[in-house]
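One structure is given here, and the rest of the page talks about it.
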Amino acid sequence: MEPYRHIVQYYETDRMGIVHHSNYIRWMEEARVDFLRRIGWPWDELEERGIFSPVLALDCRYQAGTGFGDTITIRVAVREVKGARLVIHYEMENQAGKPVFQGTSEHCFVSRDGRPMRLKRECPEFYALLAELAAATEGTADEEK
């Protein structure tokens, strides 16, 4: 799948001319929403179905700085999906192909009223696709460490 690309904006930098660390988390969200759209499950359609997916945890590893005008390529992979939980992995690199960031986000699934939702039962076709994507990346988690 084609990765997501983000061009660093001037407002995302600080006085030292590098991107503030909080922006990488925003880029994770941008890439996740784009990923869902690309796999046929746009965020707005999920919400229309009453499926919401708040963040439970983030794990971030900053590897190199980025600056204004850099093009950041973000690869997204489903690491794990179980019942009401989803783990997504992100790898970011600059235009020279140098790794700049790795991270994971963990999400749960809840209904419109905030109650936990078992995706496998509530939306089996979406769950099946996520499970298939997770199985396809199963061996890569150990290779990256």
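To the nearest 0.5 angstrom, Phe101 atom CZ is 11.0 Å from Asn23 atom CG. Taking OG1 of Thr13 as the reference point, atom CD1 of Ile18 lies at 9.0 Å (rounded to 0.5 Å). Summarising the geometry, atom SG belonging to Cys108 is positioned 12.0 Å from atom CZ belonging to Arg118; distances are rounded to the nearest 0.5 Å. Separating the CD1 atom in Ile72 from the CD1 atom in Ile7 is a distance of 10.0 Å, to the nearest 0.5 Å. We find the CD-CG distance between Glu122 and Leu119 to be 8.5 Å, quoted to the nearest 0.5 Å. Remark: His20 NE2 to Ile25 CD1 distance equals 10.0 Å, nearest 0.5 Å.
Each of Glu93, Glu2, Glu91 was checked for a salt bridge (charged side-chain N to carboxylate O under 4.0 Å, His left out) with Arg75, and the lone residue meeting it is Glu93. A side-chain contact (heavy atoms from CB on, under 4.5 Å) with His107 holds for exactly one of Leu56, Val55, Val81; it is Val55.
Distance alone, capped at 3.5 Å, places no donor-acceptor pair between the Asp59 side chain and the Gly103 backbone. In this structure, the side chain of Gln95 engages the main chain of Thr71 through a donor-acceptor pair within 3.5 Å. With hydrogens and angles disregarded, no donor-acceptor distance shorter than 3.5 Å links the side chain of Glu29 to the backbone of Arg26.
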For this session: Would you please test Leu36 and Phe126 for side-chain contact (heavy atoms from CB on, under 4.5 Å) and show each step?
Result: CA-CA 10 Å; Leu36 290 171; Phe126 183 42; 3.8 Å; yes
Exercise. Going through the distances and angles, do Ile39 and Leu130 end up as a side-chain contact (heavy atoms from CB on, under 4.5 Å)?
Worked result: CA-CA 9 Å; Ile39 64 169; Leu130 292 174; 4.3 Å; yes
Exercise. His89 and Glu80: side-chain hydrogen bond (donor to acceptor under 3.5 Å, both in side chains), yes or no, with the steps?
Worked result: CA-CA 9 Å; His89 180 74; Glu80 184 180 336; over 6 Å; no
For this session: Mind running side-chain contact (heavy atoms from CB on, under 4.5 Å) on Ile51 and Cys123 for me, showing each step along the way?
Result: CA-CA 9 Å; Ile51 300 170; Cys123 193; 3.7 Å; yes
Exercise. Does the pair Arg37 and Tyr4 meet the rule for a side-chain contact (heavy atoms from CB on, under 4.5 Å), with working shown?
Worked result: CA-CA 11 Å; Arg37 179 187 59 78; Tyr4 179 74; over 6 Å; no
For this session: Please lay out, stage by stage, how Ser105 and Tyr90 fare under the test side-chain hydrogen bond (donor to acceptor under 3.5 Å, both in side chains).
Result: CA-CA 8 Å; Ser105 61; Tyr90 309 82; 2.7 Å; yes
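Remark: Arg32 is positioned above the aromatic ring of Trp43, its terminal NZ or CZ atom under 6.0 angstrom from the ring centre and at most 45 degrees off the axis.
The pair Arg112-Glu47 does not count as a salt bridge, with every side-chain nitrogen at least 4.0 angstrom from each carboxylate oxygen.
Aromatic ring orientation, Tyr10 versus Phe68: perpendicular (interplanar angle above 60°, classes split at 30° and 60°).
Taking every heavy atom of both residues into account, Ala31 and Ile74 meet most closely at CB-CG2, 3.6 Å. Among all heavy-atom pairs drawn from Met117 and Gly50, the shortest one is CE-O, 3.6 Å. Of all non-hydrogen atoms in Thr137 and Val78, the two that sit nearest each other are OG1-O, 2.5 Å. The two residues Arg5 and Pro3 have their closest heavy-atom pair at NH1-O, 3.6 Å. For the residue pair Arg85 and Val87, the shortest heavy atom distance occurs at NH1-CG2, 3.5 Å. Between Lys98 and Ala64, the shortest heavy-atom contact is CE-CB, 3.7 Å.
Taking the ring centroids of Tyr24 and Tyr62, they lie under the 6.0 Å cut-off.
In summary, the side chains of Glu30 and His6 do present a donor paired with an acceptor at a separation below 3.5 Å, with no hydrogens or angles considered.
Counting non-hydrogen atoms of neighbouring residues, nucleotides and ligands closer than 6.0 angstrom, the CE atom of Met1 exceeds 12 such neighbours.
Residues Leu86 and Phe52 fall into different hydrophobic clusters, defined by Ile, Leu, Val, Met, Phe, Trp and Tyr side chains chained together at heavy-atom separations under 4.5 Å.
Contact annotation: the side chain of Met92 approaches that of Met28 to within less than 4.5 Å [non-hydrogen atoms, C-beta and beyond].
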